[in-house]
Amino acid sequence: MAKFDLETIRHSAAHLMAAAVQELYQDVKFDIGPSTDDGFYYDFDMAHRLTPEDLEKIEETMRTIVNKRLPFERMEISREEATAILTEKGQTYKLERLADVPEGQTITFYKLGDFCDLCRGPHVENSGQITAFKLLSIAGSYYRGDEKNPMLQRIYGTAFEDKKTMHDYFQMLEEAKKRDHRKLGKELDLFSMSDMVGPGLVLWHPKGSFVRYTFESYWRDAHYNNGYEMIFTPHIGRSTLWETSGHLDFYKDSMYSPMEVDEQDYYVKPMNCPFHIEIYKSRLRSYRELPLRWSELGTVYRYEKSGTLHGLLRVRGFTQDDAHIICTPEQIESEIAEVLRFSLQVWKDFGFKDIKPYLSTRPAKAVGEPERWELAIKSLRKAVDEIGLECEVDEGGGAFYGPKIDLKIKDAIGREWQTSTIQFDFNLPERFDMTYIGEDGRKHRPFMVHRALLGSIERFFGILVEHYAGAFPLWLAPEQARIMPITDRQRDFAEQVYNDLKKRGFRVSLDDRSESVNAKIKDARNERIQYMLVIGDREVENGTMAVRSRREGQLGEMNIDQIADKMRFEIDNKVC
RNA sequence: GCCAAUUUAGCUCAGUUGGUAGAGCAUAUCACUCGUAAUGAUAAGGUCAUCGGUUCGAUUCCGAUAAUUGGCUCCA
């Protein structure tokens, strides 16, 4: 059992780093140096522009401080004293941070060698107890996270209880690097982006498109089977639509500029909702036809700031697996429970087992009647309870237009991704004056819920690639098996096998290149092909093939019915 | 958008302290017919991201632009 918790070690390492930076650059002004989920950082302001080589120097200095085993000394001082010390040292950021400390709270400084810092603590006892640390990167960061403020230089580092744990962490990072969907996307020929087309706009290659086509088909079938209907809506809409929805007031910066047609402004859609609402409003609606569950794989375009784009995970043109549920207050509870259940089923089919819901409730500034909010939140809570998952609650974390549940899923190497979202909207039904005729013959305002299971198709695909490390399960794989005759003598039989498997509906290829078996195996491995069917003289004679599975290794000789049954089982059961 | 770094062949990368470039893989051709992670030979392939400046001369130095990467911010 470690003597100090990880947070304490990391925070102490941040101080250690700050002490080293002070030793090297005398004019440095300090901001804050907290621990994070993966390590720690410290923000500095100084004339010198840090370079990667500086990190080595700083690490070196940190090590000498560690070797000196200097104590972390805690000092309680008065506010006046603290102000005096910080003023004398010219630590302007720290002075502002000091002003944030509430009146009456004890003010503490921690001293490590010559470095003395306003800090709540706690820390390890001495610098010798920080045994495993590494500086990772330099980044810019706005003071207090506000882009109007000056940009400080941030150094990221990490620290662990011991060297072994740190080693494991870096191994995980290595693994993540190997799985990077941008790297695999190129290697496996799945997708690309082009300068000519524009940043954040994805080109889906045939293999990536096949995977997408396959899971979209699954998605459509699943939706029809779960009581949804499909709709299609246009990519552009007149400005009046976006004025009514409020997007032009609140969201204009993220929308592509309008195009003028017949003296009217048309905008490319950043969201599908207004179109779905217009379908709803195309005629008078009765309570008898509710709930309506309308889904669409709707492609939207948002002008994301250039610096935020990241592979498939953050793009400018993407397809939402959108759906809107329009229902009566009485239906809300069961509808929400059903959406949540449906989401979990979908995630399980893709091989994600670790799922965690996050509930966000009413913020201070919100639209909609409080009773509606209450009913909505109650239904969300109840749905989570029924499903039996532990839920984290972010009080006041909802959007101004409604509360929501987000789902976070854990991938194969333990990273969390925010994906599904189930959001109430009390704003758009008002703005568009959506109504239905109730049992009482009068007009009522329906409840509307936005919901995306996969989030964006692009982002979901990126996550899938990383989750499977490029080796798609058989039901999604663009190529399920490759037949490899050893020499030209087996060619006829190999072709026969190829045609037979093809006829049975499998996605197979025939590698009849004039290459060695070794070379063929190597290439198939690199392309993440699940089944390699090697055919030599022996197999021709027996009417079989030597099966090598990516996951299970050598499986020995099998005839065509056996391998077909095996693959069919894996496909039908979505084995991952 | 902001801070920083990067951009050389289809890919992964060397390289030139300023005299227009090189490897491996991939590709093509030929030979080889092979038993579970690379058979060999030959050939082809580059306005060194783009535009401008300095210079006798720029891929190299300087500036701008674009894209990418790591962060910040943003993600009604």
Side-chain angles (χ1 to χ4, degrees), chain A residues 36 41 43 45 49-54 136-156 180 182-183 186-187 189 192-200 242 245-255 270-271 273 302-311 313-316 318 363 365-367 398-402 406 418 421 423 425 427-428 450 455-456 459 482 484-491 512-527 532-539 545-550 553-557:
Chain A
T36 65
Y41 67 82
D43 284 345
D45 189 8
R49 286 262 154 245
L50 290 165
T51 65
E53 293 81 64
D54 292 332
L136 300 173
S137 61
I138 304 160
S141 81
Y142 298 108
Y143 175 55
R144 289 180 188 264
D146 188 334
E147 60 185 323
K148 287 180 202 78
N149 286 335
M151 185 156 273
L152 308 176
Q153 301 191 70
R154 173 174 296 181
I155 301 179
Y156 279 95
D180 192 316
R182 293 166 300 186
K183 181 171 165 277
K186 195 179 270 176
E187 282 175 15
D189 199 14
S192 64
M193 316 238 199
S194 152
D195 279 14
M196 289 283 273
V197 177
W242 308 109
S245 71
H247 284 96
L248 281 180
D249 280 342
F250 299 108
Y251 201 67
K252 195 166 192 234
D253 288 349
S254 298
M255 289 168 74
M271 285 176 194
C273 333
R302 297 178 185 179
Y303 176 75
E304 304 286 357
K305 287 182 187 172
S306 57
T308 63
L309 301 174
H310 179 95
L313 301 181
R314 191 74 188 273
V315 290
R316 284 188 175 156
F318 58 99
K365 233 182 97 189
V367 300
F400 76 89
Y401 52 80
D406 291 327
Q418 206 253 291
T421 183
Q423 300 194 2
D425 193 326
N427 184 40
L428 291 179
H450 310 275
S456 112
R459 183 180 146 82
R482 183 170 292 179
M484 306 173 187
I486 293 176
T487 74
D488 287 349
R489 284 194 303 280
Q490 298 89 27
R491 206 183 174 139
D512 57 0
R513 291 176 303 164
S514 153
E515 291 287 349
S516 65
V517 194
N518 281 331
K520 292 180 184 182
I521 297 275
K522 187 208 69 171
D523 288 343
R525 283 286 303 172
N526 285 343
E527 288 176 56
M532 290 162 244
L533 312 177
V534 178
I535 296 175
D537 287 336
R538 203 161 55 225
E539 285 74 21
M545 58 208 90
V547 177
R548 173 174 168 151
S549 145
R550 189 181 162 79
Q554 303 276 12
L555 298 178
E557 280 184 52

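A note on names: the letters A, B, ... follow the listed sequences, proteins ahead of strands, and every chain is numbered from 1. Keep in mind it's a predicted model, so treat the numbers as computed, not measured.
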> Contact class for A:Ala524 vs. all strands (heavy atom < 4.0 Å): base, sugar-phosphate, or nothing?
Replying inline: nothing

>> Suppose you measure atom P in B:rA14 against the same atom in B:rA23; what distance do you get, rounded to whole Å?
In response: 16 Å

>> B:rG70, OP1 or OP2 - any side-chain N/O from A:His310 closer than 4.0 Å?
In response: yes

> Just by modelled atom types, is the A:Arg314 backbone N or O under 3.5 Å from a matching donor or acceptor in the A:Glu304 side chain?
Replying inline: no

> What is the pairing partner of B:rG1, taking Watson-Crick or G-U wobble pairs with both distances under 3.5 Å in any strand?
Replying inline: B:rC72

> Which part of the nucleic acid, if any, lies within contact of A:Val534, taking any heavy atom under 4.0 Å across all strands shown: a base, the sugar-phosphate backbone alone, or nothing?
Replying inline: base

> Say you pick atom C1' in B:rU60 and the same atom in B:rU69; how far apart are they, in whole Å?
Replying inline: 23 Å

> Rounded to the nearest Å, what distance is computed from the CZ atom of residue A:Arg550 to the P atom of nucleotide B:rA37?
Replying inline: 13 Å

> Counting side-chain heavy atoms from CB outward, which of B:rC34, B:rA67, B:rU73 is closest to A:Thr308?
Replying inline: B:rU73

> If you measure from the P atom in B:rC61 to the same atom in B:rA5, how many Å do you get, rounded?
Replying inline: 14 Å

> Checking side chain to side chain contact (heavy atoms under 4.5 Å, CB included) for the pair A:Arg316/A:Leu309: CA distance, chi angles, key distance, verdict?
Replying inline: CA-CA 8 Å; A:Arg316 284 188 175 156; A:Leu309 301 174; 3.8 Å; yes

> Are any of A:Thr487's side-chain N or O atoms less than 4.0 Å away from OP1 or OP2 of B:rC34?
Replying inline: no

> Can you tell me how far C1' of B:rC75 sits from CD of A:Gln418, to the nearest Å?
Replying inline: 10 Å

>> Which is more 5' along RNA chain B, the nucleotide nearest A:Val517 or the one nearest A:Tyr303? Just name the residue.
In response: A:Tyr303

>> B:rC34, OP1 or OP2 - any side-chain N/O from A:Arg489 closer than 4.0 Å?
In response: yes

>> Regarding A:Asp146, tell me which of base, sugar-phosphate or nothing describes its non-hydrogen contacts under 4.0 Å with the strands shown.
In response: nothing

>> Could you tell me the Watson-Crick or G-U partner of B:rC48, where both distances fall under 3.5 Å? Say none if there is no partner.
In response: none

> Taking the inter-plane angle between the rings of A:His247 and A:Trp242 on a 0 to 90° scale, is it parallel (under 30°), tilted (30 to 60°) or perpendicular (over 60°)?
Replying inline: perpendicular

>> Within the 4.0 Å heavy-atom criterion, would you say A:Gln153 contacts the bases, only the backbone, or no part of the nucleic acid?
In response: nothing

>> Of the options B:rG71, B:rC74, B:rC34, whose atoms approach the side-chain atoms of A:Met151 most closely?
In response: B:rG71

>> Could you tell me how far apart A:Met193 (CE) and B:rU69 (C1') are, to the nearest whole angstrom?
In response: 13 Å

>> Checking base pairs now: Watson-Crick or wobble, both atom distances under 3.5 Å. What partners B:rG18?
In response: none

> Is any side-chain heavy atom of A:Thr36 less than 4.5 Å from a side-chain heavy atom of A:Tyr41?
Replying inline: yes

>> Over all strands shown, is A:Tyr156 touching base, sugar-phosphate only, or nothing at heavy-atom distances under 4.0 angstrom?
In response: sugar-phosphate

> Rounded to the Å, how far apart are A:Asp523 CG and B:rC25 P?
Replying inline: 13 Å

> Between the side chain of A:Arg550 and the main-chain N/O of A:Arg525, is any donor-acceptor distance below 3.5 Å?
Replying inline: yes

> Rounded to whole angstrom units, what separation is found between the CG atom of A:Asp537 and the P atom of B:rG35?
Replying inline: 10 Å

>> Tell me whether the side-chain N/O atoms of A:Ser514 come closer than 4.0 Å to OP1 or OP2 in B:rC32.
In response: no

> For B:rU69, does OP1 or OP2 lie under 4.0 Å from any side-chain N or O of A:Arg182?
Replying inline: yes

> Using a cut-off of less than 4.0 Å, is there contact between a side-chain N or O of A:Lys186 and OP1 or OP2 of B:rU12?
Replying inline: yes

>> What's A:Glu515 touching, base or sugar-phosphate or nothing? Going by heavy atoms closer than 4.0 Å.
In response: base

>> Heavy atoms only, 4.0 Å cut-off, all strands: where does A:Met484 land among base, sugar-phosphate and nothing?
In response: nothing

> If you check the A:Ser306 side chain, which of B:rG1, B:rA76, B:rU36 turns out closest?
Replying inline: B:rG1

>> Whole angstroms only, please: what is the CZ-P distance between A:Arg459 and B:rC75?
In response: 15 Å

>> Tell me if a side-chain donor or acceptor on A:Arg302 pairs with a main-chain N or O of A:Pro270 at a distance below 3.5 Å.
In response: yes

> Considering every strand shown, what is the Watson-Crick or G-U wobble mate of B:rG35 when both distances are under 3.5 Å?
Replying inline: none

>> Looking at the base of B:rA38, is there any donor atom on it, or on the side chain of A:Lys522, that sits under 3.5 Å from an acceptor on the other one?
In response: yes

>> Checking base pairs now: Watson-Crick or wobble, both atom distances under 3.5 Å. What partners B:rA43?
In response: B:rU27

> Base, sugar-phosphate, or nothing for A:Gly145, non-hydrogen atoms under 4.0 angstrom?
Replying inline: sugar-phosphate

> In whole angstroms, how far is the C1' atom of B:rC3 from the CZ atom of A:Arg144?
Replying inline: 20 Å

> What interatomic distance, in whole Å, is found between C1' of B:rC48 and the corresponding atom of B:rC30?
Replying inline: 33 Å

> Taking 4.0 angstrom as the limit, do A:Asp180 and A:Arg182 come out as a salt bridge?
Replying inline: yes

> How far does the C1' atom of B:rA58 sit from the matching atom of B:rG53, given to the nearest Å?
Replying inline: 11 Å

>> So does A:Ile486 get a backbone contact from the side chain of A:Lys520, meaning a donor-acceptor N/O pair under 3.5 Å?
In response: no

> Between A:Asp523 and A:Arg482, is there a salt bridge with N-O shorter than 4.0 Å?
Replying inline: no

>> Closest-nucleotide mapping onto RNA chain B: is A:Arg314 or A:Met532 further toward the 5' terminus? I mean the 5' end.
In response: A:Met532

> What nucleic acid atoms does A:Asp195 come within less than 4.0 Å of, heavy atoms only: base, sugar-phosphate, or nothing?
Replying inline: sugar-phosphate

> Considering only B:rA76, B:rU33, B:rG35, which nucleotide approaches the side chain of A:Asp488 most closely?
Replying inline: B:rU33

>> Please tell me if A:Arg49 has a side-chain N or O lying less than 4.0 Å from either OP1 or OP2 of B:rA4.
In response: yes

> Can a side chain N or O of A:Arg154 be found less than 4.0 Å away from OP1 or OP2 on B:rA4?
Replying inline: no

> Paired with B:rC61 by Watson-Crick or G-U wobble geometry, both distances under 3.5 Å: which nucleotide is it?
Replying inline: B:rG53

>> Work out how far the P atom of B:rA43 is from that of B:rC51, and round it to whole angstrom.
In response: 32 Å

> Rounded to whole angstrom units, what separation is found between the CG atom of A:Leu309 and the P atom of B:rU6?
Replying inline: 21 Å

> Taking 4.0 angstrom as the limit, do A:Glu147 and A:Lys305 come out as a salt bridge?
Replying inline: yes

> So what does A:Ala399 touch, heavy atoms closer than 4.0 Å: a base, only the sugar-phosphate, or nothing?
Replying inline: nothing

> If you measure from the P atom in B:rA76 to the same atom in B:rU68, how many Å do you get, rounded?
Replying inline: 22 Å

> For B:rU7, what is the paired nucleotide under Watson-Crick or G-U wobble rules, both distances under 3.5 Å?
Replying inline: B:rA66

> Rounding to the closest angstrom, what is the interatomic distance between B:rA9 and B:rG22 at atom C1'?
Replying inline: 10 Å

> Within less than 4.0 Å of OP1 or OP2 of B:rG71, is there a side-chain N or O belonging to A:Tyr142?
Replying inline: no

>> Please classify the nucleic acid contact of A:Gln490 as base, sugar-phosphate, or nothing, using heavy-atom distances under 4.0 Å.
In response: nothing

>> Regarding A:Asn427, tell me which of base, sugar-phosphate or nothing describes its non-hydrogen contacts under 4.0 Å with the strands shown.
In response: base

